[in-house]
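To start, the structure itself, in structure tokens.
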Amino acid sequence: METTIVEIEHLNKSFGNNHVLRDINLKIEKGENLVVFGKSGSGKSVLIKCLVDLIEPDEGKVVLFGKTMSDLNDDELNALRKKVGFLFQSAALYDSMTVRENLEFPLRDLKTKAKEEIEALVFEVLKSVGLEDAIDKMPSELSGGMRKRVGLARTLILKPELILYDEPTTGLDPITSKEISKLILDVQSKYHTASIIITHDVECARITSNRMIIIKDGICYAEGTFKELSESKDEWVRSFFK
Ligand SMILES: Nc1ncnc2c1ncn2[C@@H]1O[C@H](COP(=O)(O)OP(=O)(O)OP(=O)(O)O)[C@@H](O)[C@H]1O
Ligand SMILES: [Mg+2]
């Protein structure tokens, strides 16, 4: 059985003279949480944008769910993107819609789903993030942490096979950050999703990661488990864990 979700080979991306990604090679297996560390501006966000073709790579191969991205036409790309969930740093909800309406929004194209089915899905994902009681609230009535949870629920509603988290805990207090990190772990075990988690939060990396990479000068400079990297002989690698 094919269990590799993401395969990246020799990925290169420049913006003008700024050679951001030089040679990224990476594999992610089904159900695996990969945490990506790297200094600000090292290309972490660019990497995950290349993965879903929001940014077109200059060179290299990206294989998602066994399909080579550059071989696909627009319809095929869109179908593939539906299997990928994003949780961007600004998990922007629609302010004029209730939590329920925000969650129903990604389902709008699936006209085949019955009303009851949609309702059940909304409840399921809200329950996964512990926010059943907030279903009829407006985003303005929610705290930052709660909004992040609703954002995650909205990502989950399409049952993605791969979730890309860009700094899921940034801007949250340590306790709420820990709750979100645990939620990422819950999502992994409940839905068997693979995830890429970009973060600067050591505690988030400790809680969520099965494996980690650190990007430096456009390559995967270091790779290993949280324990291996946090105890690395390389002082620069260790410095991320302080
Ligand atoms: N669309 C773009 N056009 C031009 N340059 C870009 C574009 N997107 C990113 N860059 C550049 O690519 C480099 C990497 O950016 P990226 O956003 O991936 O960094 P990052 O590792 O995510 O940083 P941070 O931790 O601050 O979020 C930066 O120098 C940035 O200016
Ligand atoms: Mg970024």
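Remember, it's 1-based here, ligands and their atoms both numbered in the order they're listed.
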Please work out whether the ring planes of F241 and F226 are parallel, tilted or perpendicular, with thresholds of 30° and 60°.
-> perpendicular

Given S45, G218, G41, G43, which has its nearest heavy atom closest to atom 17 (O) of ligand 1?
-> S45

Identify, by atom number and element, the atoms of ligand 1 in contact range of E167, meaning under 4.0 Å from any of its heavy atoms.
-> 25 (O), 27 (O)

Compute the minimum heavy-atom distance from G38 to ligand 1 and say whether it is under 4.0 Å.
-> no

Is the distance from the Mg ion (ligand 2) to some N, O or S atom of S45 under 2.8 Å?
-> yes

For S42, take its heavy atoms, then give the atoms of ligand 1 lying under 4.0 Å from any of them.
-> 19 (O), 21 (O)

Is there side-chain contact between F123 and I135, with heavy atoms separated by less than 4.5 Å?
-> yes

Please indicate whether any nitrogen or oxygen in V46 is less than 3.5 Å from any nitrogen or oxygen in ligand 1.
-> yes

Those atoms of ligand 1 less than 4.0 Å from some heavy atom in V20 = 12 (O), 13 (C), 14 (C)

What atoms of ligand 1 come closer than 4.0 angstrom to any heavy atom of H200?
-> 25 (O)

With a 4.0 Å cut-off on heavy atoms, does K39 reach ligand 1?
-> yes

Can you name the nearest heavy-atom pair linking S181 to T169, along with the distance?
-> OG-CG2, 3.8 Å

T199 and E167: side chain donor to acceptor below 3.5 Å = no

Which is it for I215 and ligand 1 at heavy atoms under 4.0 Å: side chain, backbone, both or neither?
-> neither

Is there a donor-acceptor pair closer than 3.5 Å between any side-chain N or O of N18 and the backbone N or O of S14?
-> no

Are D136 and R100 close enough for a salt bridge, meaning some N to O gap below 4.0 Å?
-> yes

Which atom pair, heavy atoms only, marks the closest approach of D23 to I219?
-> O-CG2, 3.8 Å

